[in-house]
Amino acid sequence: YEAPKLRKTLLTGIIVSYVVFCVLQVVLSVGTADNGFDRWELWTNCSSLDKAVRVDCTLPQLVEAAGWTMKGFKLASFVSEVFCGLCVIGSHLTIWYYCQERNFDLPEQLEPMAFDTS
């Protein structure tokens with residue numbers, strides 16, 4: 001009786017956390033810099049910056065990081081993704097732990113097999 005209840009709990013965790021993750025990904029992908037998201041711009045003189053690493057000036061550069069509200073959304077998205085993955089692993093371990101085959105005592109040697117070589 002314990003295995004089905006645990007599996008249902010883990011599957012509920014998988015579904016809920018994945019839906020939360022998907023919703024947050026949509027929210028994070030449609031925002032603009034005016035809404036508190038990251039602001040990216042092309043810099044014409046980015047090679048004049050004193051950086052230890054070469055920067056490709058043809059690519060947009062991060063000018064202003066997201067506000068704390070958006071960082072909270074990003075963190076919630078990450079946490080929901082990790083929780084979903086942990087529930088999937090827990091579900092696999094539950095299946096393994098409660099399966100009957102795990103307790104079978106198999107013979108130490110397998111029976112030889114005859115192969116047809118014709």
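If you're wondering where the values come from, they're calculated on a predicted model, not measured in any experiment.
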Contacts of type side chain to side chain contact (heavy atoms under 4.5 Å, CB included), residue [X], not counting sequence neighbours:
{"X": "Phe21", "answer": "Tyr18, Gln25, Ser77, Ser80, Glu81"}
{"X": "Tyr98", "answer": "Glu2, Ala3, Leu6, Thr94"}
{"X": "Val79", "answer": "Leu75"}
{"X": "Gln100", "answer": "none"}

Hey, what else clusters with Ile14 if you join Ile, Leu, Val, Met, Phe, Trp, Tyr whenever side-chain heavy atoms sit under 4.5 Å?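 Leu11, Val88, which link up through side-chain heavy atoms under 4.5 Å apart, make up the rest of the cluster.
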Taking all atoms of both residues into account, what is the closest heavy-atom pair of Phe73 and Leu24, and its distance?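 Heavy atoms only, the tightest pair is CD2-CD2, 3.7 Å.
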Could you tell me the separation between the CD1 atom of Ile89 and the CG atom of Leu10, rounded to the nearest 0.5 Å?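 So the gap between those two atoms works out to 11.0 Å.
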List the atom pairs, donor and acceptor, that lie under 3.5 Å between side-chain atoms in residues 62-71 and the rest of the protein, sequence neighbours left out.
from: Glu64; atom 1: OE1; to: Arg39; atom 2: NE; distance (Å): 3.3
from: Glu64; atom 1: OE1; to: Arg39; atom 2: NH2; distance (Å): 3.4

